[in-house]
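One-based numbering along the sequence shown.
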Amino acid sequence: MQSLPSRAHDTPELRKGRGAFFTPPEISSFITEWAIRSADEAVLEPSCGEASFLLPAGERLRALTPGDLFPGALHGIEVHEPSARQARQLLTEAGFAAEVRVGDFFDVEPEPVFDAVVGNPPYIRYQNFGGELRAKALRTALSQGVRLTRLASSWAAFVIHAARFLKPGGRLGLVLPAELLTVNYAAPVRRFLLKRFAKVRLVMFEELVFPGVLEEVVLLLAEGTGSADCFEVYQAEDLSDLANLDRKGWSGFTPEGGGKWTAALLTANAFAEYQSLVQGGSFCDLLGWGETYLGAVTGNNRYFTLKADEVRARRMPQSALLRISPPGSRHLRGLTFTDAAWEQASKSGTACHMFYPVGDRLGVAVQKYIDEGEAAGVHEAYKCQVRSPWWRVPVVPVPDLLLTYMDHDRPRLITNAAKVAHLNSLYGVSLKPQHRQLGRDLLPIASLNSVTLLGAEMVGRSYGGGLLKLEPKEADLLPVPTPDATSDAAQQLRALRPQLATWLRRGKLANAVDLVDSVLLRGRLGVSEARIDVLRQARELLFSRRTTRGRGMRGKG
């Protein structure tokens with residue numbers, strides 16, 4: 001496609017800064033055809049860019065009427081003046097009379113006069129969504145009784161505001177990030193949609209559909225006025241599958257409050273099996289065992305973590321060092337991180353020490369290292385600037401268990417037998433005193449079951465490259481066997497340890513999980529093989545979904 005003249009000075013960086021991503025025509029055409037149902041309807045595209053939705057909206061209205069479009073049929077709002085100018089030109093060339101105003105959508109006083117509001121809201125992450133713009137968006141949402149947190153990205157308030165422009169019974173068709181289903185800050189938006197509309201439908205894609213963009217999207221199709229008791233989901237493979245939408249079934253899902261909608265990706269049977277086990281008394285949240293917390297934040301791991309040969313070369317005293325689990329999690333593949341494993345990692349050239357002087361008498365080697373850090377500007381990093389002295393990293397308690405939170409396959413619980421400190425590439429778990437002995441011994445084993453593996457996919461979220469990430473509050477919600485269930489099966493679980501270690505060392509997770517399932521699910525809970533297979537297939541569905549997208553992301557790099 002030939003580039004439009006107005007884009008010459010509108011770089012991808014500038015478009016990304018204001019959250020503008022051009023929509024594939026298959027999506028804009030699909031949404032406008034769904035939203036516009038008669039020739040006399042009025043359509044609004046907020047944040048219209050270069051009329052990605054107004055142009056197919058005009059074509060849709062033209063197809064529905066034998067004559068000219070009625071005056072005032074097409075309206076757009078766009079904050080970027082060159083894009084608004086280009087939108088007007090394109091609409092005029094296509095023979096459509098449209099009103100495109102320049103301005104911030106959140107500054108426009110809503111009038112409920114539109115039959116359809118369609119578009120692709122700007123996607124600005126909360127890190128770049130600040131100042132008066134964020135404050136204005138939050139006020140707009142709050143005016144409708146929806147209280148968003150300051151972690152919300154720009155699209156969240158946009159959805160709330162867009163709904164205010166609809167006539168009673170109108171239709172809202174938007175392209176949204178898949179965060180709608182999974183992130184905690186979107187819970188108020190999920191509640192709002194089900195309360196505001198009579199019917200809420202979502203179209204999801206198994207493949208990435210925005211060229212060059214790593215975000216997964218969903219298509220929101222909401223209509224009518226009144227409270228929907230559920231929402232419906234359609235799983236599309238790719239853009240070409242949109243043509244089959246009316247010929248395929250929709251799956252209904254009834255959420256709990258503002259909870260995540262990830263379960264909508266599962267079959268009704270799989271979700272019911274999962275819920276029955278999670279709520280059946282033999283599983284609890286990880287928080288039931290103890291507190292989860294992030295590791296130490298150094299501000300510069302390259303400086304603050306040291307290898308054994310660096311320690312020797314600098315004659316660094318042991319009093320200035322803290323033994324740590326090395327940065328990252330590649331070394332945590334088994335059930336236990338032992339002193340021997342730490343020694344092996346240190347001998348292999350991994351950074352296993354953290355620079356951590358204590359006391360007031362630093363010594364020559366320590367002071368020299370501090371001086372070198374200042375000469376290199378390490379002290380100017382934000383995390384270093386806000387502490388005094390800059391070189392003393394605040395440490396957190398040594399955890400009973402280490403928990404990986406950014407993984408390809410699953411979050412891993414590992415017994416911290418070496419009693420090392422940990423950095424912020426890991427979470428630590430401090431077990432409750434009454435559960436400490438049992439948890440250190442058996443929780444890493446007990447968590448290798450099909451319910452916990454599926455639960456990780458349910459409470460976590462997919463990140464770039466297909467990684468599964470658990471935010472701190474999500475880690476607390478990871479379903480694991482209760483202390484009572486683990487204690488009841490303690491003897492059988494301990495007997496599995498040698499076999500589990502072998503399977504995990506070989507990368508055979510499924511074999512390890514089958515052993516634990518045989519003790520906990522089949523043995524203790526009497527769960528049939530058919531029911532366990534339902535859980536495994538559900539986990540495989542979610543796992544394959546994110547890893548397939550991850551391969552697509554890497555291919556686009």
Just checking W261 against F231, ring centres under 6.0 Å apart?
yes
When you look at CD of Q437, are more than 12 heavy atoms from neighbouring residues, nucleotides or ligands closer to it than 6.0 Å?
no
Starting at CG of L220, measure out to CH2 of W155 and round the result to the nearest 0.5 Å.
9.5 Å
Salt bridge D407-R412, side-chain N to carboxylate O under 4.0 Å:
yes
Close side-chain approach of C384 and W391, heavy atoms under 4.5 Å
no
Can you tell which of Y356, F355, F304 makes a ring-ring contact (aromatic ring centres under 6.0 Å, His included) with Y369?
F355
Work out which heavy atom in P357 is nearest to a heavy atom in L362; give both atom names and the distance.
CB-CD2, 4.1 Å
Closer than 3.5 angstrom, by distance alone: can the side chain of S329 be matched with the main-chain N or O of L332 as a donor-acceptor pair?
no
Flag side-chain contact, heavy atom, 4.5 Å: R410 against L448:
yes
Just so I know, are the side chains of I414 and L335 near enough to count as touching, which here means a heavy-atom distance under 4.5 Å?
no
Using a strict threshold of under 4.0 Å (side-chain N to carboxylate O), is an ion pair present between E471 and K469?
yes
Under the criterion salt bridge (Lys or Arg N to Asp or Glu O under 4.0 Å), I'd like the reasoning laid out for K419 against D400: C-alpha separation, chi angles, the key distance, then a yes or no.
CA-CA 7 Å; K419 297 183 179 179; D400 297 301; over 6 Å; no
Correct closest heavy-atom pair for E380 and Q385 would be O-NE2, 2.8 Å
Quick one: does Q344's side chain get under 4.5 Å of T350's, heavy atoms only?
no
On a heavy-atom basis, the closest approach of L467 and H408 is CD2-N, 3.8 Å
Using 0.5 Å steps for rounding, measure from the CE atom of M406 to the CG atom of L468.
9.0 Å
Looking at R536 and D514, is any side-chain nitrogen of the basic one under 4.0 Å from a carboxylate oxygen of the acidic one?
yes
Check T486 against A446 and note the closest heavy-atom contact, atom names and distance.
OG1-CB, 4.0 Å
Pairwise distance CG(L142) to CG(L148) - rounded to 0.5 angstrom
8.5 Å
For the student: nearest non-hydrogen atoms of V366 and A320, plus distance
CG2-CB, 3.6 Å
H331-S325 side chain donor-acceptor pair, cut-off 3.5 Å:
yes
Are there over 12 heavy-atom neighbours, none belonging to Q491, within less than 6.0 Å of that residue's CD?
no
Nearest-0.5 Å distance, CD1 of residue I324 to SG of residue C352:
7.0 Å
Would you say that R505 contacts T502 through its side chain, given a criterion of any heavy-atom pair below 4.5 Å between the two side chains?
yes
Is the shortest side-chain N to carboxylate O distance from K473 to D285 below 4.0 Å?
no
Other residues, nucleotides, ligands: >12 heavy atoms within 6.0 Å of K136 NZ
yes
So that I know where these two stand, are H422 and F337 an aromatic pair - ring centroids less than 6.0 Å apart?
no
Could you give me the CA-CA distance, side-chain angles and deciding distance for E457 and L541, then say whether side chain to side chain contact (heavy atoms under 4.5 Å, CB included) is met?
CA-CA 10 Å; E457 301 287 343; L541 172 76; over 6 Å; no
Using only heavy-atom distances, determine whether the side chains of N301 and T298 contain a donor-acceptor pair under 3.5 Å.
yes
When the aromatic ring centroids of W390 and Y382 are compared, is their separation below 6.0 Å?
no
T452 side chain to P479 main-chain N or O, any donor-acceptor pair under 3.5 Å?
yes
No-hydrogen, no-angle side-chain donor-acceptor test under 3.5 Å, D533 and Q537
no
Side chains of S153 and Y185, donor plus acceptor under 3.5 Å:
yes
Interatomic distance, N120 atom CG to L174 atom CG [nearest 0.5 angstrom]:
8.5 Å
Is the closest side-chain donor-acceptor distance between S450 and R539 under 3.5 Å?
no
One thing to verify: whether D309 and K347 come together as a salt bridge, which I'm taking to mean a side-chain N less than 4.0 angstrom from a carboxylate O.
no
Separation between CZ (R436) and CG (L401), nearest 0.5 Å, reads 10.0 Å
Which heavy atom of V217 sits nearest to which heavy atom of F205, and what is that distance?
O-CD1, 4.0 Å
Greater than 12 external heavy atoms within 6.0 Å of R315's CZ
no
Between I445 and L442, is any pair of side-chain heavy atoms under 4.5 Å apart?
yes
Q318 side chain reached by V311 side chain, heavy atoms, under 4.5 Å
yes
